[in-house]
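Only this structure's heavy atoms are used, side chains among them; waters, hydrogens and symmetry mates stay out. Letters A, B, ... are given to chains in the order of the sequence lines, protein chains preceding strands, and every chain is numbered from 1.
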Amino acid sequence: MQFIRYVVAAVMIFLCVPLPLMAAEGGEYIAIRKEGSGKIVIALNKLDAPVKEESRLAQSLDTIIHDGLDFTGLFTMISPPLNVKNTSGLNFGALDSVGAAVYAGGVVTNTSGTISLDMEVYDIAGAKLLLKKTYNGKPPQLRTIGYAFCADLVELLTGKKSIFGSKIVFVSNKTGFKEIYECDFDGHELRQLTNSHSISLTPALSPDGKYLAYTDFSSGRPALYIRDLSAGIISTINKSGISIDPGWRNSREVATTLSFEGDQEIYLIKVDGAISRRLTFSKGIDLSPSFSPDGSKMAYVSDQNGLPQIFIEDLQSGQVNRLTFSGRYNTQPSWSPAGDKIAYTTWESGGEINIFAIGIDGSGLKQLTANSGENESPSWSPDGRMIVFTSNRQGSKKMYIMQSTGENQRSLLPSDGEQMQPSWSLFCQ
Amino acid sequence: MKNKINGIVILALMVTAGCSSRSAVTAPETSGSQAPSPKISSPVTPPAPVTPPETPTGTLPTEPAPPSPASLSGYGFDQWQNGPLGDVFYDFDSTVLSAEAQDQLKQNAAWLENNSAHKALIEGHCDSRGTSEYNMALGDRRASTAKEYLVRLGVASSRLETFSFGEERPFDTGKGENAWAKNRRAHFVMKK
């Protein structure tokens, strides 16, 4: 019940903030929000295919673009009215009367194996062309072509970068071993990244996407590995004890927990595996570093008071503040890309694990999951609008996606085995 | 042989007596401010000891029961443990060494004293509740708590290696306190 109130409150806030629309030329912002809707109402027309053989390509791209835009949660998609076009072009009056704020349509052609998608986007209220662009690619790259348009559209309408082209890395045991996998933000293009036949855990991509850091038991003990994804070079840390649960501070420095000095402390490591400095000094477990976007502060788990709680450390001054006071077992902090919030999980006394978000000053605590078993490992999308997490709400532990308000929780990737510890990339390729 | 063992026990008593009056039921090294007192009023109440120990428990024994050389039975031994070194078990979300755990560690220390060519690997394990990253760290703490106790008893630190499996390698994959209690352990693996 409380959860519903949170969601309602979040929707209300959303309604009060007009979504700015940046015009392609001129750079002025236009409020495109229609009364009574928090989403952008888009009339998405079916793509034209002048040549009959290309109608199947057009249909595939229709689906890709529709599903891609729908995935973002930003749009209400409607079919254009039958009289969408008249003799002078687009019928803005008809589009306006069905409530559309934006119109998008285009043409698909296939010239000797190169597919071209010519797209046009119009602002209805202003009867104005916002975007006209051609996207080219080969037939196997249909999704890339469609998403390139989606990315441009979202960036144009919101003024912020989109999730298109971003990746999620995660752990799955579907081969019988916990290995690391990668998929697109929407679950497509699944790829296995490790094949250690051991235990691989807690993957995290560097902000620039060049490196993958993870914990792996191949050597017999849990050790940090940093893999240069293009060169295939792997660095590791040769220290006794454990090195677990890495979090990137920037594209050349990752933090991880090491125990070679006896206590479980967080250290900064360079991508070549060298320790650059120790970050925590409290007695007990210090774990799960997650950095502010500018790298100046670190959220982490510490049990210095007996129970695991989230703390924030200012790396320059060394000052440490406790962030969480509600809940007795708070772990898995994830700092939002906008820098203002931290998502984390609370293990509740009834046995559920739930995801919360809290302001970095401790204000605005909001519960995002409820009555759905164990919900773990939150990780923000690069645009900060969504969160990927795992849940056992339907039995086996799988990845789910929700808006950062907690709305629209749905399964991401139905596949064999359990899925764990998802981490959403900051980059979009 | 017997003198040596008694010597170790006396040393252990001196160490524990040097701490607090509670020290018979806490680890010698990690007691004090950071010793996790019952942390969460957990979803499940803390377990009874896995196997009823033969030796006196709870209070500092005035006359120490001479630890029998490690046998492959009793506390610290089960179907997953077949070396000469017995495992030790922990309460929920705890790294505190119980009286039973301390007794087993004394036996392990005695065996290591008499078999100085051997080294031991101590793996920390946790039950599956809570979050897995924290359990990885908690298991590491359990292993190092056991190691520190052995070092206090005179075993060279260089002969003891520790790491954690967290919740990744449960000894009993079932649910419920019976299974969980078996998984909250420091598991000893003998190395030549």
Side-chain angles (χ1 to χ4, degrees), chain A residues 171 173 178 198-202 215 217 219-223 240-247 257-265 282-288 301-308 327-332 344-353 374 376-377 390 397 420-421, chain B residues 29-45 92-96 119 121-145 147-148 151 157-158 160-170 173 175-176 180 189 191:
Chain A
V171 174
N173 64 359
K178 285 190 177 175
S198 175
I199 307 170
S200 301
L201 299 169
T202 57
T215 301
F217 279 72
S219 66
R221 63 168 61 248
S240 61
I242 53 170
S243 50
I244 55 167
D245 202 9
T257 294
L258 306 178
S259 65
F260 70 99
E261 292 186 283
D263 226 37
Q264 293 72 27
E265 303 286 356
S282 68
K283 183 112 175 95
I285 292 167
D286 293 313
L287 187 72
S288 302
V301 173
S302 177
D303 72 351
Q304 57 187 267
N305 299 342
L307 296 162
R328 283 168 294 187
Y329 185 111
N330 296 320
T331 59
Q332 303 182 323
Y344 66 93
T345 58
T346 300
W347 182 20
E348 313 213 57
S349 51
E352 276 192 11
I353 299 176
E374 294 169 352
E376 299 179 66
S377 306
T390 64
K397 195 179 279 188
M420 288 141 285
Q421 300 175 327
Chain B
E29 176 70 12
T30 58
S31 62
S33 62
Q34 93 84 29
S37 51
K39 289 183 167 181
I40 289 184
S41 58
S42 62
V44 173
T45 49
F92 168 72
D93 200 24
S94 171
T95 59
V96 175
K119 294 181 172 183
L121 183 62
I122 312 174
E123 305 169 356
H125 293 265
C126 300
D127 68 36
S128 58
R129 295 170 299 161
T131 47
S132 65
E133 300 86 359
Y134 186 75
N135 280 337
M136 195 63 77
L138 182 64
D140 194 51
R141 237 177 146 69
R142 285 180 175 156
S144 54
T145 303
K147 174 180 172 173
E148 283 163 14
V151 170
S157 173
S158 58
L160 303 168
E161 198 184 332
T162 59
F163 75 94
S164 174
F165 269 113
E167 60 181 65
E168 302 297 328
R169 284 278 183 273
T173 54
K175 281 199 180 351
W180 293 329
V189 179
K191 293 168 73 183

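The OH atom of A:Y329 sits 6.0 Å away from atom CG of B:D93, with the distance rounded to the nearest 0.5 Å.
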Query raised in the report: Going through the distances and angles, do A:D263 and B:R141 end up as a side-chain contact (heavy atoms from CB on, under 4.5 Å)?
Result: CA-CA 8 Å; A:D263 226 37; B:R141 237 177 146 69; 2.9 Å; yes

Report task. Run the numbers on A:L201 and B:E168 for side-chain contact (heavy atoms from CB on, under 4.5 Å), then give the verdict. Result -> CA-CA 10 Å; A:L201 299 169; B:E168 302 297 328; 3.8 Å; yes

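There is no contact between A:S240 and chain B, counting heavy-atom distances below 4.5 Å. When heavy atoms are compared at a cutoff of 4.5 Å, A:Q332 approaches chain B solely by way of its side chain, counted from C-beta outward. In this structure, chain B has no heavy atom under 4.5 Å from any part of A:T215. Contacts between B:E161 and chain A at a heavy-atom distance below 4.5 Å involve the side chain alone, from C-beta outward. Of the atoms belonging to A:S288, it is side-chain heavy atoms, and not backbone ones, that fall under 4.5 Å from chain B. Contact annotation for A:L287: only side-chain heavy atoms (C-beta onward) come within less than 4.5 Å of a heavy atom of chain B.
Side-chain N/O atoms of B:S132 and A:Q421 include a donor and acceptor closer than 3.5 Å.
When the options A:P222, A:S243, A:S259 are evaluated for a side chain to side chain contact (heavy atoms under 4.5 Å, CB included) with B:F163, the one that passes is A:P222.
Residues A:E374 and B:T131 fail the side-chain proximity criterion, which asks for heavy atoms closer than 4.5 Å. B:E133 is not listed as a side-chain neighbour of A:I244, based on a closest heavy-atom distance of 4.5 Å or more.
Between chain A and the options B:D140, B:T162, B:L121, the largest number of non-hydrogen pairs under 4.5 Å is found for B:D140. Ranking B:M136, B:K147, B:E123 against chain A, the residue ahead of the rest is B:M136, based on heavy-atom pairs under 4.5 Å. Most heavy-atom pairs under 4.5 Å with chain B, from the set A:T202, A:I242, A:D245: that is A:I242.
In this structure a side-chain-to-backbone donor-acceptor pair under 3.5 Å is missing from B:Y134 to A:I285.
Residues A:Q264 and B:S144 approach most closely at NE2-OG, 4.3 Å, considering heavy atoms.
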